[in-house]
Enquirer: 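Quick one: structure below, then a few questions.
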Number of protein chains: 2
Amino acid sequence: MAQRVQNLRRAPTSVPMASALALSGRRWAFRIVWELRVGPLSFRALQAACGTISPSVLQHRLHGLRDRGIVERIPRLGYRLTASGERLFQVLTALDKWSVCLVKDSLQRDK
Amino acid sequence: MAQRVQNLRRAPTSVPMASALALSGRRWAFRIVWELRVGPLSFRALQAACGTISPSVLQHRLHGLRDRGIVERIPRLGYRLTASGERLFQVLTALDKWSVCLVKDSLQRDK
DNA sequence: AATCGGCGCTATCAAAAACGTAGCATGGAT
DNA sequence: ATCCATGCTACGTTTTTGATAGCGCCGATT
């Protein structure tokens, strides 16, 4: 009934989007992309940039990001974003802007 | 040295952005926002829309999203996005576009 | 040649998050 | 009174993440 109407209106979440959302839902995944925005970083520099990530998880994430073609490994420079990774970074830029609006709104509410 | 140069160039990840990235890194968090894009959904409808999320985690996420002012609860309608939530949805729209480009690129590579 | 330090990465164990399932309480419809 | 859907909690298991230690490699220094 009400549910049925909504099902009619809903465009179901696409497979690529579901995959992207699943990627985003792994801890540190987007943070790693974000930290690579300034250019290539070595494994250890990346670890430091993220603050407290453990090397095993970082390794996990880098594999996942490489499998998806978001990050690539450069022999003597460490890791850097691919073209797809750069475009993801653009998306994260929008998230960055949103995040500052969000805190502004929350300060507003607390008044 | 090389590291030092990068530190000079790097604008450190802001607190709001780090918080947003932490939010994104919890499983289902963005997916829930995405599923709410079409309008309010009840707890169980949301659960079904996400596919396999367990009710305890959904409950967890809804609390987190409500605390941040992204989602609100409407007495007889369930949950819906706030104004901030709608703006986050706009960001996710960019992610959606990116996700289809990503799979196109990966198909390209496999040729 | 020997030492050293930084590097990428693995191993291991502990803690936390997420899952799957069952079920309770409520409130409206029959 | 009964039924049913809903929001949500409880609980035991599995998965993920965390913290720490340390290995093998390589290039620079002495």
Enquirer: Does a nitrogen or oxygen in the side chain of Tyr79(B) sit under 4.0 Å from OP1 or OP2 of dC8(D)?
Expert: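 Answer yes for this pair, as a side-chain N or O of Tyr79(B) is under 4.0 Å from OP1 or OP2.
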
Enquirer: Looking at Arg68(B) and Asp105(A), is any side-chain nitrogen of the basic one under 4.0 Å from a carboxylate oxygen of the acidic one?
Expert: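 Here Asp105(A) does not pair with Arg68(B) in a salt bridge, since their nearest N and O are not under 4.0 Å apart.
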
Enquirer: From CG of Leu58(B) over to P of dC8(D), roughly how many Å is that when rounded to an integer?
Expert: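 Distance, rounded to whole Å: 9 Å.
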
Enquirer: Throw together a table of side-chain donor-acceptor distances under 3.5 angstrom for residues 90-98 of chain A, partners on residues two or more places apart or in other chains.
Expert:
unit_1, atom_1, unit_2, atom_2, d
Thr93(A), OG1, Phe89(A), O, 3.1
Trp98(A), NE1, Ser84(B), O, 3.0

Enquirer: Polar-atom pairs under 3.5 Å, protein N or O versus N or O of nucleotides 14-16 of chain D: list them with distances, or write none.
Expert:
none

Enquirer: Dump every N/O contact between nucleotides 20-29 of chain C and the protein below 3.5 Å, one line per pair.
Expert:
unit_1, atom_1, unit_2, atom_2, d
dG20(C), OP2, Thr52(B), O, 3.2
dG28(C), OP1, Arg76(B), NH2, 3.4

Enquirer: Who else is in Ile74(A)'s hydrophobic cluster (ILVMFWY, side-chain heavy atoms under 4.5 Å, direct or via others)?
Expert: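 Noted: Ile74(A) shares its cluster with Leu77(A).
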
Enquirer: Quick one: pull up CZ in Arg27(B) and SG in Cys50(B) and give me the separation to the nearest 0.5 Å.
Expert: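 Rounded to the nearest 0.5 Å, the CZ-SG separation comes to 13.0 Å.
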
Enquirer: Would you mind listing every ring-ring contact (aromatic ring centres under 6.0 Å, His included) that reaches into residues 35-78 of chain B, with sequence neighbours excluded?
Expert: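 Pairs touching residues 35-78 of chain B that pass the test: none.
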
Enquirer: Got a donor-acceptor contact below 3.5 angstrom from the Arg73(B) side chain to the Arg80(B) backbone?
Expert: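 A pair under 3.5 Å: no.
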
Enquirer: How would you list, by chain and number, every residue that makes a side-chain contact (heavy atoms from CB on, under 4.5 Å) with Ser56(B), sequence neighbours excluded?
Expert: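 Per chain and number, Ser56(B) pairs via side-chain contact (heavy atoms from CB on, under 4.5 Å) with Ser54(B).
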
Enquirer: Strictly below 4.0 Å: does Trp28(B) bring a side-chain N or O up to OP1 or OP2 of dC19(C)?
Expert: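 The answer is yes; a side-chain N or O of Trp28(B) sits under 4.0 Å from OP1 or OP2.
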
Enquirer: How many whole angstroms separate atom NE2 of His60(A) from atom P of dT10(C)?
Expert: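 Atom NE2 in His60(A) sits about 11 Å away from atom P in dT10(C).
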
Enquirer: Expressed as a whole number of angstroms, how long is the span from Gln59(A):CD to dG18(D):P?
Expert: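 Roughly 15 Å, once rounded to whole Å.
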
Enquirer: Flag this pair as yes if the NZ/CZ of Arg37(B) is under 6.0 angstrom from the six-membered ring centre of Trp34(B) and inside a 45 degree cone about the axis; otherwise no.
Expert: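 Flagged: Arg37(B) positioned over aromatic ring of Trp34(B).
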
